[in-house]
Amino acid sequence: MHEVSWRWALTMSVIAVVVGVAALFIGAFVAPIPVSQADALQFMTAVFVRGFLGLVALVAAIILAYVGGYRIQSNFEPTPQTPAPAVASSPLLALFVTPGPRRDALFAGALTLVAYWFFTTIYIAALGRNVGGIGSASSLPSFILARLALGVALAAAGGGAGALGARNAFTRALTRRILSADGGDAPIGPLASDAQPPAAQAETNPRLPIQGE
């Protein structure tokens, strides 16, 4: 990855981690889960508030992955990438192996969501029981498998968001270039020689005979 790509990837990852952990931490104090589930209304309210905050944090992380991909592509010239002939027939494979800003954007988006997933998982496993009443399940293997499956899904979502942001940035830059080129080449008005009458053109050009001679 390019240096600029690493900078944007790390910046978006740090912001996504802060947003994700803050959502869990705020939910622990705003809507604590009761020790006993006798009060069904309080329990459901806590689950709803925490689920809503978690969803907002996840959407924010995906948007950050998109913005990172968009900004990475915006720092490069909008020239199309030419993959190797061996992978040209597979656009998905070419996206992974062809060097360029679009591949950097894909990796940066995946890194953003992986960082979000990793640190929120560490928070739930280490502090969830003590801060907020959440944590690992009674069966540790099931908790690990569930989090690993979630991590794979989030990495795919982040990579897709980053690649989509890069594609939109490339399309916008290319469209603006085409429109500006068309506007610069279009004629503004008729040429001055076209607006002159035939007599005036004959006077300016002695090779043309004048009527009446």
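Since the structure is predicted, the reported quantities are computational estimates derived from the model, not experimental observations.
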Asker: How many angstroms lie between OG1 in Thr112 and CD1 in Ile63, if you round to the nearest 0.5 Å?
Answerer: 12.5 Å
Asker: Between CG of Leu154 and CD1 of Ile62, what distance do you get to the nearest 0.5 Å?
Answerer: 7.0 Å
Asker: So, Tyr70 and Arg172: side-chain donor and acceptor under 3.5 Å apart, yes or no?
Answerer: yes
Asker: Atom CG of Leu64 and atom OH of Tyr116: how far apart are they, to the nearest 0.5 Å?
Answerer: 11.0 Å
Asker: As an exercise, state the distance from CG of Leu55 to CZ of Arg50, rounded to the nearest 0.5 Å.
Answerer: 15.5 Å
Asker: Within a reach of under 6.0 Å around CZ of Arg167, are more than 12 heavy atoms found that belong to other residues, nucleotides or ligands?
Answerer: no
Asker: Would you say Val14 ends up clustered with Ile72 if hydrophobic residues are merged whenever their side chains have heavy atoms under 4.5 Å apart, either directly or through other cluster members?
Answerer: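 Each belongs to a different hydrophobic cluster.
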Asker: Does the side chain of Thr121 come within less than 4.5 Å of Leu150's, by heavy atoms?
Answerer: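 No, side chains not in contact.
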Asker: Are Tyr123 and Ile144 connected in a single hydrophobic cluster, I mean Ile/Leu/Val/Met/Phe/Trp/Tyr linked by side-chain heavy atoms less than 4.5 Å apart?
Answerer: yes
Asker: Measure the spacing between OG of Ser13 and CZ of Phe119 and express it to the nearest 0.5 Å.
Answerer: 9.5 Å
Asker: Answer yes if Val21 and Phe29 sit in the same cluster of Ile, Leu, Val, Met, Phe, Trp and Tyr residues linked by side chain heavy atoms under 4.5 Å apart, and no otherwise.
Answerer: yes
Asker: Hey, could you give me the CZ/CD1 distance between Arg147 and Ile124, rounded to the nearest 0.5 Å?
Answerer: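 Answer for the CZ-CD1 pair, Arg147 versus Ile124, is 4.5 Å.
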Asker: Are Leu111 and Trp6 packed together at the side-chain level, in the sense that at least one heavy-atom pair is separated by less than 4.5 angstrom?
Answerer: yes
